[in-house]
Number of protein chains: 2
Amino acid sequence: MILSPDSSGQLPESTTDSNTMASHREPALNLEFDGTTVLCRVCGDKASGFHYGVHSCEGCKGFFRRSIQQKIQYRPCTKNQQCSILRINRNRCQYCRLKKCIAVGMSRDGKCYKHYGI
Amino acid sequence: MILSPDSSGQLPESTTDSNTMASHREPALNLEFDGTTVLCRVCGDKASGFHYGVHSCEGCKGFFRRSIQQKIQYRPCTKNQQCSILRINRNRCQYCRLKKCIAVGMSRDGKCYKHYGI
DNA sequence: GAAGCAGGTCACGAGGTCAG
DNA sequence: CTGACCTCGTGACCTGCTTC
Ligand SMILES: [Zn+2]
Ligand SMILES: [Zn+2]
Ligand SMILES: [Zn+2]
Ligand SMILES: [Zn+2]
């Protein structure tokens with residue numbers, strides 16, 4: 001018998017349901033929970049609002065702000081630059097997290113004060 | 001059989017995988033000293049914080065970190081794999097120490113989500 | 001006034017360090 | 001290898017400003 005501290009990514013509770021809901025619209029991370037809650041388009045956590053042009057959580061909002069304030073150069077991804085970014089593992093690879101932030105459209109002047117939400 | 005910190009896939013905390021074990025959990029180690037001090041759930045030493053999803057001491061925190069980083073393969077327990085893990089003897093059997101760490105729910109992404117609404 | 005976001009704050013924990 | 005100590009990124013809250 002072997003004790004191996006291997007760590008693989010696990011998906012605790014989120015993302016399980018998606019199939020039924022996903023049928024209607026876009027892929028999972030863009031969807032609403034219900035009529036009121038919106039998900040972070042970067043990591044899928046509960047979004048706290050529309051930040052930098054994208055529905056995002058407090059974590060990704062703060063991360064993106066820090067990234068652009070100080071012009072941080074994150075260490076390149078040690079894998080294949082395709083790390084999945086989820087709430088549980090979003091802090092593992094800063095490079096891919098910022099890449100995802102940009103990919104989903106975060107930008108400094110992404111103002112939209114219309115009643116986007118729900 | 002292979003034991004890994006978080007390969008199990010779901011919350012290790014509740015999934016001690018046996019219905020019977022849950023009935024008589026480790027009594028003392030989960031408790032607090034008083035209103036302020038908390039004990040390490042692995043060895044019962046004074047916890048220094050909430051590490052890897054579990055209240056734990058600096059020792060068990062560092063031990064678990066090392067176990068995760070390098071994929072250490074500890075020598076199997078020479079006894080019956082049920083060594084008690086206490087502050088005074090926690091370094092005697094690495095195998096059982098890591099086993100205990102996993103049993104109490106330590107995981108790489110074990111963050112404190114106490115502030116998350118639902 | 002109400003609502004909603006940019007930016008600041010700072011306790012907290014992940015990961016590093018290095019004598020022992 | 002262990003663990004007391006250290007550094008610094010994270011994110012839940014807070015504040016002030018902008019837009020209805
Ligand atoms: Zn996010
Ligand atoms: Zn990556
Ligand atoms: Zn301990
Ligand atoms: Zn043992």
Side-chain angles (χ1 to χ4, degrees), chain A residues 3 5 7 36-38 40 42-75 78 85-98 101 105-118, chain B residues 5-6 36 38 40-75 85-98 101 105-118:
Chain A
L3 243 193
S7 66
T36 54
T37 309
V38 181
C40 173
V42 178
C43 72
D45 195 3
K46 183 170 165 295
S48 67
F50 196 74
H51 307 291
Y52 301 102
V54 166
H55 287 291
S56 50
C57 66
E58 282 296 308
C60 293
K61 167 196 162 191
F63 174 79
F64 186 75
R65 188 188 66 235
R66 254 174 270 123
S67 299
I68 56 179
Q69 281 177 342
Q70 325 142 32
K71 300 181 189 301
I72 298 181
Q73 291 287 343
Y74 293 119
R75 276 186 276 82
T78 55
I85 306 295
L86 298 171
R87 190 191 71 179
I88 54 168
N89 64 7
R90 62 191 177 199
N91 288 324
R92 282 188 188 176
C93 182
Q94 297 172 308
Y95 185 94
C96 288
R97 191 183 189 180
L98 179 56
C101 285
M106 276 187 150
S107 70
R108 182 162 238 165
D109 45 55
K111 302 207 297 195
C112 177
Y113 294 99
K114 316 248 167 133
H115 297 96
Y116 223 88
I118 304 188
Chain B
D6 57 5
T36 54
V38 182
C40 173
R41 290 196 55 197
V42 179
C43 72
D45 195 2
K46 183 170 166 295
S48 68
F50 197 74
H51 307 292
Y52 301 101
V54 167
H55 288 290
S56 49
C57 66
E58 281 297 307
C60 293
K61 167 197 162 191
F63 174 79
F64 187 75
R65 187 188 66 237
R66 256 174 266 124
S67 300
I68 290 178
Q69 287 175 336
Q70 323 139 32
K71 299 183 189 298
I72 298 182
Q73 298 282 344
Y74 293 121
R75 275 185 279 87
I85 306 296
L86 299 170
R87 191 176 73 90
I88 51 172
N89 64 6
R90 63 189 176 199
N91 287 325
R92 285 185 191 166
C93 180
Q94 296 174 308
Y95 185 94
C96 287
R97 190 182 190 181
L98 178 55
C101 285
M106 277 186 151
S107 71
R108 176 174 210 167
D109 300 308
K111 294 201 40 144
C112 180
Y113 290 125
K114 59 189 172 190
H115 295 301
Y116 278 81
I118 302 182

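Residue numbers start from 1 in every chain, and the chains themselves are labelled A, B, ... in the order their sequence lines are given, proteins ahead of strands.
- Classified by interplanar angle (parallel below 30°, tilted 30° to 60°, perpendicular above 60°), the ring pair Tyr74(A)/Phe63(A) is parallel.
- Heavy atoms of Gly62(B) sit nowhere under 4.0 angstrom from any nucleic acid atom.
- Here the nucleotide nearest the side chain of Asn91(B), chosen from dC1(D), dG3(D), dC13(D), is dG3(D).
- Put simply, the side chain of Cys43(B) reaches to within 4.5 Å of the side chain of Cys57(B), judged on heavy atoms.
- In this model, a donor atom of one side chain and an acceptor atom of the other lie less than 3.5 Å apart for Arg97(B) and Asn91(B).
- Between Gln69(B) atom CD and dC1(D) atom P there is a gap of 11 Å when expressed in whole angstrom units.
- Between dG15(C), dT2(D), dA12(D), one nucleotide has an atom nearer to the side chain of Arg66(B) than all others, and that is dT2(D).
- One atom, CZ of Arg75(A), and another, C1' of dG9(D), lie 11 Å apart when rounded to the nearest Å.
- We find that CD of Gln70(A) is positioned 12 Å from P of dC8(D), with the value rounded to whole Å.
- For dG15(C), the OP1/OP2 oxygens have no side-chain nitrogen or oxygen of Arg92(A) closer than 4.0 Å.
- A distance of 10.0 Å separates CD1 in Ile85(B) from CG in Leu98(B), rounded to the nearest 0.5 Å.
- The distance between atom CZ of Phe64(B) and atom C1' of dG3(D), rounded to the nearest whole Å, is 17 Å.
- Residue Arg87(B) is classed as having no contact, given no heavy-atom separation below 4.0 Å to the nucleic acid.
- Within the model, atoms NZ of Lys61(B) and CE of Met106(B) stand 9.5 Å from one another, a figure rounded to the nearest 0.5 Å.
- The side chain of Tyr74(A) places no N or O atom within less than 4.0 Å of a non-bridging phosphate oxygen (OP1 or OP2) of dG9(D).
- For the pair His55(A) NE2 and dA6(C) P, the interatomic distance rounds to 12 Å; values are reported in whole Å.
- Remark: P of dC1(D) and OH of Tyr95(B) are 18 Å apart, rounded to the nearest angstrom.
- Between Arg65(A) and the phosphate of dT10(D), there is no side-chain N or O to OP1/OP2 separation shorter than 4.0 Å.
- Asn89(B) has its CG atom 11 Å from the P atom of dG3(D), to the nearest Å.
- The separation between Glu58(B) atom CD and dT7(D) atom C1' is 13 Å, rounded to whole Å.
- Distances from the side chain of Ile72(B) to the nucleotides dC1(D), dG7(C), dA14(C) place dC1(D) closest.
- Closest approach to the Phe63(A) side chain among dG16(C), dT2(D), dT10(D) is made by dT10(D) (side chain taken as heavy atoms from C-beta onward).
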